[in-house]
Amino acid sequence: MSDSGRDIVFDIFEKVLSRYSIFKNRDALRPDYIPDNLPHRSEQIQRLAFILAPSLKGSLPSNVFLYGKPGTGKTAVTQFVLSRLKMKAKEAGSILAISYINCRIAGTEYRVLASLCSSIDVDVPFTGLSKAEVFQRFRSGLERFGGILIVVLDEIDALVKIHGDDILYELTRIKESSSGRGGVSMIGISNDLQFKEFLDPRVLSSLSEEEILFRPYTADELYDILRERAEIAFNENVLSESALRLCAALAAAEHGDARRALDLLRVAGEIAERSSSQSVTDEHVRRAQEKIESDRVWEAIKTLPLHSRMILLAVYVNSKRNESKCFTGEVYEVYKELCEGLGLEPLTQRRISGLINELDAMGLLNSKLVSMGRYGRSKRVRLNIPASMILQLLKSDPYLSSLEGYVEKYWSKG
DNA sequence: TCTCCACCGGAACCCAAGGCGG
DNA sequence: CCGCCTTGGGTTCCGGTGGAGA
Ligand SMILES: Nc1ncnc2c1ncn2[C@@H]1O[C@H](COP(=O)(O)OP(=O)(O)O)[C@@H](O)[C@H]1O
């Protein structure tokens, strides 16, 4: 047998193998994949490129503020433009550094400053210094660097809502006071359209010298995005037209979120693959929708601290005890009972109120402030997750499992 | 129209952990 | 080693409030 003969045999095997596999390149559906083409965002891309272009000639670009709902392509567009800017800068020999920071993930002002430093090769310890000290090192590092630093602050709304806009203020001041060449240019990205109201007017005017709005995608736009990705990700004739349309429609209903659309497509593909189906159907997409939601919920519950879990249980028990009224006061009472059952010191009501708000923000609870006139004002709390999740929580947490009997008394109804 | 309930939520503060620079 | 920093998780204190009922 010659080598060429073996290749033919392999070819046949490959063909057969690939015919029955759904994915050609699954990674193309992952959130960190940035395609070479971003449909329906050429306007934003051009504007951003136009704004940043002066940096190639050594002058400082205006600050930009990008805002729009999640999954509208803000991060993708930014990365798209910046990667090309970087290439051009290298070619042109401009001194240019880019620092991308996701503020929500960084979480604290200190860590944002620290990663700012590391982008210009200033190393700072990950803790121990005062913010002023880190900032000082950043400043002097910048002098030494002498070029233009483009700072991307992604999900900046999350940081400012918790820690205020102090660093932003300091950063905008750097820009002004930068002597000689170079300086800092900022790209702020916000998922919250009202975010501007949180900012000090001085910061706002400096940060949004330019603004770019990202509208939610329509179903048709999502369809185009999905189709391009699907061509890379899926094998031929595996994905039905209607399944694709359904993904687009479902995601369009959910704030026109492209990330959601791509997730739907990927998970639907995985479900199809696992059930050794030869194509992805509407049914797979619907199941993907459910799976994504229940995964999200379970993922959130799993990482919940003890007392937040107890609150979920308390809300559940209380809602079974008396259908109609489920206000924070009663929830707190039940919570205290549960604590006693576990021999735990209960937290204060003030704290519980805060935790309930967090659970609300995660979508595990619904809470709404209602006034009952003479009978005070309180929050009506409702569980926003299926009871099966409560059961699963009890089973999975060895610490809580001793409460199982207690909770089960209320299991029957509902 | 005024009262007053039953909480809400802002602000200041406390405390322990981890880690710096001097 | 000391005195200082940030951070995260909590507590204490307290002014604020929509509307049913007197
Ligand atoms: N116009 C587009 N074309 C192709 N993919 C897109 C487009 N817009 C967004 N995406 C994809 O959707 C996902 C979410 O986009 P992202 O830029 O992270 O949203 P945002 O930052 O606005 O929350 C990413 O995986 C991105 O690649």
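Nothing here was measured: the structure is a model prediction, and the numbers come from that model. We use all heavy atoms of the structure for the numbers below, so side chains are in, but hydrogens, waters and symmetry mates are not. Residue numbers start from 1 in every chain, and the chains themselves are labelled A, B, ... in the order their sequence lines are given, proteins ahead of strands.
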Would one find a side-chain N or O of [X] under 4.0 angstrom from OP1 or OP2 of [N]?
X: A:Thr328; N: B:dC7; result: no
X: A:Arg351; N: C:dG10; result: yes
X: A:Lys379; N: B:dA6; result: no
X: A:Thr348; N: C:dT11; result: yes

The side chain of A:Arg350 is closest to which nucleotide in this list: B:dG9, C:dG18, B:dG19? B:dG9

What is the distance, to the nearest angstrom, from the [atom1] atom on [X] to the [atom2] atom on [N]?
X: A:Glu133; N: B:dG21; atom1: CD; atom2: P; value: 8 Å
X: A:His163; N: B:dA11; atom1: NE2; atom2: P; value: 15 Å
X: A:Glu358; N: C:dG10; atom1: CD; atom2: P; value: 9 Å
X: A:Leu369; N: C:dT17; atom1: CG; atom2: P; value: 12 Å
X: A:Glu333; N: B:dC7; atom1: CD; atom2: P; value: 9 Å
X: A:Leu347; N: B:dC14; atom1: CG; atom2: P; value: 20 Å
X: A:Lys161; N: B:dG10; atom1: NZ; atom2: P; value: 13 Å

Taking every non-hydrogen atom, the tightest pair across A:Ser185 and A:Pro61: OG-O, 3.4 Å

Taking for each residue the nucleotide of DNA chain C with the nearest heavy atom, is it A:Arg111 or A:Ser130 whose nucleotide lies nearer the 5' end? A:Ser130

Think A:Arg245 forms a cation-pi with A:Tyr223, using NZ or CZ under 6.0 Å from the six-ring centre and within 45 degrees of its axis? yes

Side-chain H-bond candidate by donor/acceptor type, A:Glu210 with A:Asn63, under 3.5 Å: no

Which value, rounded to the nearest 0.5 Å, describes the distance between A:Gln136 atom CD and A:Leu129 atom CG? 11.5 Å

Within the 4.0 Å heavy-atom criterion, would you say A:Thr108 contacts the bases, only the backbone, or no part of the nucleic acid? sugar-phosphate

